[in-house]
J.: 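Below are the structure tokens for one structure; questions will follow.
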Amino acid sequence: MERRITKEELRAAVNEAYERFRNEKSGRNAHYIPYLAHIDSELFAIAVCLPDGEIIEAGDSSYRFGIESVSKVATALLVLKDYGANTIMDMIGADATGLPFNSIMALLLEKDHPSTPLVNAGAIAAVSMVRPVGDERLKWENIQHNIDELCGSHLPLIDELYKSESVSNHNNRAIAWLLKSYNRIYDEPEMSLDLYTRQCSLGVTTSQLAVFAGTIAGSGVNPVTKREVFPRQLTNKIVSMIATVGFYEKTGDWLFSTGIPAKTGVGGGILGVLPGAFGIAAFSPPIDAAGNSVRAQKAIAHIMKRLGLNVFSGDRVTIAEKQTVEC
Ligand code: GLU
């Protein structure tokens, strides 16, 4: 079925979701990274990036927060681009773990693969593959440049978050060295861990995250800069990874109930992709037990339901300037 959604309908759905959930009180800021525990829990934003580059926003959409695990999507794309999908399948994998993002158990169970670049083990392995292997400075430049291109503007490092995460990332250090023992890390483990920690500590706004999502929805072309950031044939690869593990152990529940592939981060950000239609992002620091922002997930779920959209519906969605929905 052809579906036409007008910009007004989208705007109304975004505003409604914002109003409905701005007083939501459940969830708690991530505490295992001290910096995140102190972020204002009231912050809340939603942004949608349309194919023409227009951004529909509500709330604190220019507040800069830690991108955390959403950065895994960017680096997964970088290594997919550099090595090709088959090599990534071989060296990392693309499987759901069904376990928490930082699970050591997942790695023990699947020691032949770190599962997917979208959980900590696979993300550290992905960072280790970033070229040029062995050159920390150039690797960092490439990681940062790639995220900037996906978002359409620069993401600065939040120094305080980086320091806070660096002194508390013992679990991730264990993962990096376990990867080493399985020959599943492809550069120096401590350097790979540090680069991973740094990419998680980049500051992103909800609008930038929406543009990132919009670039994936636009099959690799950034809707704002109009630049091709990744080849269009990688779109189904990255969207399938997001759909498989984006909400960690809650991914099946999320996809079943909302119909939108989305990736969360413990900083409170969520990036959602409706391929061919739009990219959506939401942010609010309090997270649930699985590490997913409570307000942000409710807001995105509400917008999808309100507009009757679902990636599995078979509908072809276009965004129209005016007019109401046509079936
Ligand atoms: N930097 C965080 C960690 O590695 C990211 C986790 C997340 O956002 O899910 O623990």
Side-chain angles (χ1 to χ4, degrees), residues 27-39 64-76 96-107 114-128 140 143-144 147 155 157-179 185 189-204 206 209 212 241-242 244-251 254 262-272 281-297:
R28 180 171 182 251
N29 287 24
H31 271 68
Y32 74 103
I33 300 171
Y35 172 92
L36 296 179
H38 299 114
I39 305 291
R64 209 168 275 288
F65 58 94
I67 189 169
E68 296 297 345
S69 268
V70 187
S71 65
K72 291 168 176 155
V73 177
T75 302
T97 61
L99 288 165
F101 58 90
N102 55 0
S103 177
I104 288 179
M105 183 62 78
L107 190 53
S115 301
T116 160
L118 301 195
V119 298
N120 290 17
I124 295 168
V127 164
S128 78
W140 176 241
I143 289 169
Q144 214 174 5
I147 298 190
L155 271 63
L157 187 74
I158 304 177
D159 275 315
E160 231 187 302
L161 172 58
Y162 172 50
K163 280 182 199 132
S164 180
E165 210 159 324
S166 297
V167 295
S168 55
N169 62 355
H170 318 298
N171 190 89
N172 288 340
R173 174 159 289 112
I175 289 175
W177 284 102
L178 208 48
L179 284 169
I185 195 157
E190 289 295 329
M191 183 238 276
S192 305
L193 174 69
D194 181 57
L195 288 171
Y196 165 79
T197 308
R198 241 187 278 174
Q199 75 170 23
C200 288
S201 307
L202 289 170
V204 70
T206 309
L209 214 52
F212 182 171
M241 281 176 170
I242 294 171
T244 306
V245 76
F247 263 66
Y248 300 118
E249 68 268 37
K250 289 289 170 202
T251 307
W254 166 261
K263 180 74 196 85
T264 73
V266 293
I270 302 183
L271 160 157
F283 156 70
S284 191
I287 56 176
D288 63 16
N292 307 318
S293 168
V294 177
R295 274 197 199 104
Q297 60 179 296

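Computed from a predicted model, the values in this text were never measured in an experiment. For ligands, and for the atoms within them, numbers begin at 1 and follow the listed sequence.
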J.: Using a 4.0 Å cut-off to any heavy atom of Gly265, which atoms of ligand 1 qualify?
T.: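 So the atoms of ligand 1 that pass are 8 (O).
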J.: Among all protein non-hydrogen atoms, which one is nearest to atom 8 (O) of ligand 1, and what is the separation to 0.1 Å?
T.: Val266 N, 2.8 Å
J.: Provide, to 0.1 Å, the distance between atom 10 (O) of ligand 1 and the closest protein heavy atom, together with that atom's residue and name.
T.: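 The closest heavy atom on the protein side is Tyr32 OH, 2.7 Å.
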J.: Just let me know how Asn172 lines up against ligand 1, side chain, backbone, both or neither, with a heavy-atom cut-off below 4.0 Å.
T.: side chain
J.: Out of the candidates Thr197, Ile185, Leu195, only one should pair with Val127 under the side chain to side chain contact (heavy atoms under 4.5 Å, CB included) rule; please name it.
T.: Leu195
J.: If the cut-off is 4.0 Å to any non-hydrogen atom of Glu68, which atoms of ligand 1 fall inside it?
T.: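 Atoms satisfying the 4.0 Å criterion: 1 (N), 2 (C), 5 (C), 8 (O).
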J.: So, the side chain of Asn120 versus the backbone of Ile175: is there a donor-acceptor pair under 3.5 Å, distance only?
T.: no
J.: Could you go through Asp194 and Glu190, starting from their C-alpha distance and side-chain angles, then the distance that decides it, and tell me whether this counts as side-chain contact (heavy atoms from CB on, under 4.5 Å)?
T.: CA-CA 6 Å; Asp194 181 57; Glu190 289 295 329; over 6 Å; no
J.: Report the C-alpha distance between Leu36 and Ile287 in whole Å, list the side-chain angles of each, state the deciding distance to 0.1 Å, and finish with yes or no for side-chain contact (heavy atoms from CB on, under 4.5 Å).
T.: CA-CA 11 Å; Leu36 296 179; Ile287 56 176; over 6 Å; no
J.: Residue-level breakdown please: for Asn120 versus ligand 1, do any non-hydrogen atoms fall below 4.0 Å on the side chain, on the backbone, on both, or on neither?
T.: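 The part of Asn120 near ligand 1 is the side chain, not the backbone.
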J.: For ligand 1, which atoms have a heavy atom of Cys200 less than 4.0 angstrom away?
T.: 1 (N)
J.: Examine ligand 1 and decide if any of its atoms is less than 4.0 Å from a heavy atom belonging to Asn102.
T.: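 Under 4.0 Å: no for Asn102.
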J.: Do side-chain atoms of Gln199 reach the backbone of Ile143 as a donor and acceptor pair under 3.5 angstrom?
T.: no
J.: As an exercise, identify every atom of ligand 1 less than 4.0 angstrom from a heavy atom of Tyr196.
T.: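 Counting atoms of ligand 1 from 1, those under 4.0 Å from Tyr196 are 1 (N), 2 (C), 3 (C), 4 (O), 5 (C).
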J.: Would you mind running through ligand 1 and noting each atom that sits below 4.0 Å from a heavy atom of Tyr248?
T.: 7 (C), 9 (O)
J.: Looking only at protein heavy atoms, which one is nearest to atom 1 (N) of ligand 1, and what is the separation?
T.: Glu165 OE2, 2.3 Å
J.: Checking a contact table here: which protein heavy atom is nearest atom 9 (O) of ligand 1, and how many Å away?
T.: Ser69 OG, 2.8 Å
J.: Donor-acceptor pair, distance only, cut-off 3.5 Å: does the side chain of Arg64 make one with the backbone of Gly203?
T.: yes
J.: Taking NE2 in His38 as the centre, count heavy atoms belonging to other residues, nucleotides or ligands within less than 6.0 Å. Is the count above 12?
T.: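 12 or below, so no.
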J.: With no hydrogens and no angle check, do the side chains of Lys163 and Ser166 hold a donor and an acceptor under 3.5 Å apart?
T.: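 No pair is found: no donor N or O on one side chain lies under 3.5 Å from an acceptor on the other.
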